[in-house]
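All chains are named by letter (A, B, ...) in the order of the sequence lines, taking the proteins before the strands, and each is independently numbered beginning at 1.
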Protein chains: 2
Amino acid sequence: MKEFINRVQQDGKVDTTYSKVRECLRRDILSNYFAPGTRLKIAELIKLYNVSQMPIREALQQLQGEGLIIIEPHKGAYVRELDEKFVSNIYDIRRIIEVFLTLESLKKVTDRDIKKLFQTQKNYEKASVKRDVESMLKCNSQFHTTLYQLADNDEALHIIEKHSQLINSLRLSYGFEGNRVEEVIVEHREILEAISLRDEKLLEKAATSHCLNAKANLLAAMKN
Amino acid sequence: MKEFINRVQQDGKVDTTYSKVRECLRRDILSNYFAPGTRLKIAELIKLYNVSQMPIREALQQLQGEGLIIIEPHKGAYVRELDEKFVSNIYDIRRIIEVFLTLESLKKVTDRDIKKLFQTQKNYEKASVKRDVESMLKCNSQFHTTLYQLADNDEALHIIEKHSQLINSLRLSYGFEGNRVEEVIVEHREILEAISLRDEKLLEKAATSHCLNAKANLLAAMKN
DNA sequence: AAGTGGTCTAGACCACCTT
DNA sequence: AGGTGGTCTAGACCACTTA
C-alpha cells in the first residue's frame, strides 16, 4: 500500500491535494480496504497518502457530507456501515426524488427532447449488444440526466448525483450489472412510451418500478 | 463587527472552534450581513472571528454541504443566492420526502405513538394561546420528529434536518410565523385525524397540503 | 510580472480516555 | 498523570488573475 496519491491524477488536469485524497479515500473505502467501522486516524492517513493534516481533514469533511464516513468531534472519523438497511434507505430516497423529477420533466418536455431521449436509448441498446459496459453506463446516465434537467430543480439533482457514485461503486463491486441489461432496456422503453403519450399515471408507474427493480436487484446481490 | 466568536458559545458545552465559526457564519449569512454573492475571503474571516485558517476552512466546507455557500477550488467561497427559485426547490424536495416519511410512519405507528402525538399537539395549541413562540417551535419540531422517526430512514431524516435550520432562519427573518398559527393547528389536526383513522389517502392529502401551504406562505412573504 | 488569496506543511496545543 | 490523537496557529508555497 505504498502507492502514491497520484494514482488518481487523471489527464493533465490540475487538482487540489484534498480532492485527490478524497478520491483515494473513497476508493479505498468502497474497495473495502478500509472496512466499515474502521477508525480513520489522521496520522495513519498522513503516512499512507504522503500529505499533511489539512488536505486529509478537508477530504474527510467532504466524505462526511456524502454520508460515507462519520466524524465525531474530538474523537475522530470512522467508516460508516454500508449495510442493507442503508442501501435500502438510499434507494427509497432516490426513488421518490427520481419519480418527482420525472413527473416534473413531463410538464416541460418538448418533442425535440423526446427525440434526443430516443436517440440515447438507441445508443444504449447498441452498446448493450456489443457488451460495451462503459458506453452503457454513459448512455444510462445521459438518459436520466437529460430527463431530470428538464425538471429545473438543481437541489434535487444534486442529492441524486451525490449518491450516484456510491451506488455505482456498490453495483460494480457486487458485479451484478450484467444480469439486468434486458430489464433496463424494457423499463426505459416503458418510460419513453409514457412520455411520448404524455401519460402521467403511466409514467409514474414506469419510473417507480424502474427504481424498485434496481433496488431489489442490488439488495439481492448483497445477500451473498 | 469586532464581536468575538463567543457570542454563540451556549451554556457550558465544550465546542470546537470550527463549529462556532460555522454557526457565526450561518448567522451572518442569514442575517444578510454577508449578502448573497459576497466573496468570503479567508483573510477577512480570520480578522473578523479571531481564529486562523483551518477552522474557517472546515466551517466553509460544512456550509457548502448545506448548500449555503459555494466553493470553487483555487478561487474561493461565495454566498449562494437564496432566491425564490432556490426556496421553492428546497420546499419541493422537503414535501416529497416528508410525505414519504409520513406515509411510511403510518405503517408502523402504534396507539401509544398516536397518544403522544395528540399530547404534543395539545401543548402546541396551549403555547399558541400564550403566544410562546419558542415553545411553539419546539412542539412543532417535536410533532414532526416523533412522526418521522417511526419511518426508520435516518438518511431521509438527515436531509430534512439539514435544511431545517436554513428554512427556520428564513421564516424568522421574514417574520411571518405569526400569521399561520391557526392554519398550522388545523393542518396538524387533519394529519392526526388521518393517522387515527389509518387512512392512507387522506393522510397523503393532509401532509401534502401542509407542506404546500408552508411553501406558499414563505414565498409570498419573500415577495416583499 | 507582480499581487492576491487559496492551499499545504510543520509543530504546538489541548480534549478525551486510559491507568 | 500520561498517552493518544484530534484541533489550531503561523508561515511558506503556489495557482490564478490583473496589468
Side-chain angles (χ1 to χ4, degrees), chain A residues 4-26 28-29 34-35 37-65 68-80, chain B residues 2-26 28-29 34-35 37-65 68-80:
Chain A
F4 192 59
I5 268 214
N6 289 332
R7 59 185 152 135
V8 276
Q9 193 180 46
Q10 327 95 317
D11 26 291
K13 258 200 299 184
V14 178
D15 254 342
T16 54
T17 306
Y18 64 80
S19 72
K20 284 188 273 184
V21 173
R22 185 187 62 226
E23 296 312 315
C24 278
L25 256 174
R26 200 211 308 280
D28 290 340
I29 290 170
F34 289 123
T38 309
R39 281 287 300 276
L40 297 171
K41 292 178 206 163
I42 292 179
E44 233 173 70
L45 300 175
I46 284 176
K47 275 187 259 170
L48 188 58
Y49 298 135
N50 256 321
V51 294
S52 65
Q53 291 103 328
M54 225 191 54
I56 294 199
R57 304 200 81 215
E58 300 255 277
L60 290 174
Q61 282 291 347
Q62 296 184 349
L63 290 175
Q64 182 183 39
L68 211 56
I69 65 171
I70 291 166
I71 298 176
E72 293 176 325
H74 288 296
K75 291 186 66 187
Y78 61 91
V79 180
R80 144 152 227 169
Chain B
K2 199 64 191 158
E3 264 183 286
F4 193 59
I5 269 212
N6 289 332
R7 58 183 153 137
V8 277
Q9 193 180 43
Q10 327 95 314
D11 27 292
K13 258 201 300 185
V14 178
D15 254 343
T16 54
T17 308
Y18 64 81
S19 72
K20 284 188 271 183
V21 173
R22 185 186 63 225
E23 296 314 314
C24 278
L25 256 174
R26 201 211 307 281
D28 290 340
I29 289 170
F34 289 123
T38 309
R39 281 285 301 278
L40 298 171
K41 292 177 207 162
I42 292 179
E44 231 174 71
L45 300 174
I46 284 176
K47 275 186 259 172
L48 188 58
Y49 298 135
N50 258 321
V51 295
S52 64
Q53 291 103 327
M54 224 189 57
I56 295 203
R57 305 198 81 215
E58 300 255 277
L60 290 174
Q61 282 291 347
Q62 296 185 348
L63 291 175
Q64 182 184 38
L68 211 56
I69 66 171
I70 292 166
I71 298 176
E72 292 175 325
H74 288 297
K75 290 186 66 186
Y78 61 90
V79 180
R80 141 150 230 172

How close do B:Lys75 and B:Arg39 get, heavy atom to heavy atom, and via which atoms? O-NH2, 2.5 Å

Shortest non-hydrogen contact between A:Pro55 and A:Tyr18, atoms and distance: O-CB, 3.5 Å

Output all residues satisfying salt bridge (Lys or Arg N to Asp or Glu O under 4.0 Å) with B:Arg80, sequence neighbours left out; order by chain, then residue number. A:Glu155

State which residues pass salt bridge (Lys or Arg N to Asp or Glu O under 4.0 Å) with A:Lys41; sequence neighbours excluded, sorted by chain then number. none

How do B:Met54 and B:Ile71 order along DNA chain C: which one's closest nucleotide is nearer the 5' end? B:Ile71

Can you tabulate the close N/O pairs, meaning under 3.5 Å, that link protein atoms to atoms of nucleotides 1-5 of chain D?
| from | atom 1 | to | atom 2 | distance (Å) |
| --- | --- | --- | --- | --- |
| D:dG5 | OP1 | A:Lys41 | NZ | 3.2 |

Length of the line joining [X]:[atom1] and [N]:[atom2], which is rounded to integer Å:
X	N	atom1	atom2	value
B:Asn50	D:dC8	CG	C1'	14 Å
B:Leu60	C:dG5	CG	C1'	13 Å
B:Glu44	C:dT4	CD	C1'	13 Å
A:Ile46	C:dT9	CD1	P	9 Å
A:Ile56	D:dC8	CD1	P	17 Å
B:Leu45	C:dG5	CG	C1'	12 Å
B:Tyr78	C:dG5	OH	P	17 Å
B:Tyr18	D:dT9	OH	C1'	17 Å

Run the side-chain contact (heavy atoms from CB on, under 4.5 Å) test against B:Thr38 and tell me which residues pass, sequence neighbours left out. B:Phe34, B:Ala35, B:Val79

Report the residues that fulfil side-chain contact (heavy atoms from CB on, under 4.5 Å) with A:Ile46, sequence neighbours left out, ordered by chain and then residue number. A:Ile42, A:Gln53, A:Ile56

Which part of the nucleic acid, if any, lies within reach of B:Gln53 when heavy atoms closer than 4.0 Å are counted: base, sugar-phosphate only, or nothing? base

Proximity to the side chain of B:Thr17 - top-ranked nucleotide from D:dA15, D:dA10, D:dC8: D:dC8

Any idea which of D:dG11, D:dT9, D:dC16 is nearest the B:His74 side chain? D:dC16

Partners of B:Gln62 by side-chain hydrogen bond (donor to acceptor under 3.5 Å, both in side chains), sequence neighbours excluded? A:Gln61, B:Arg22

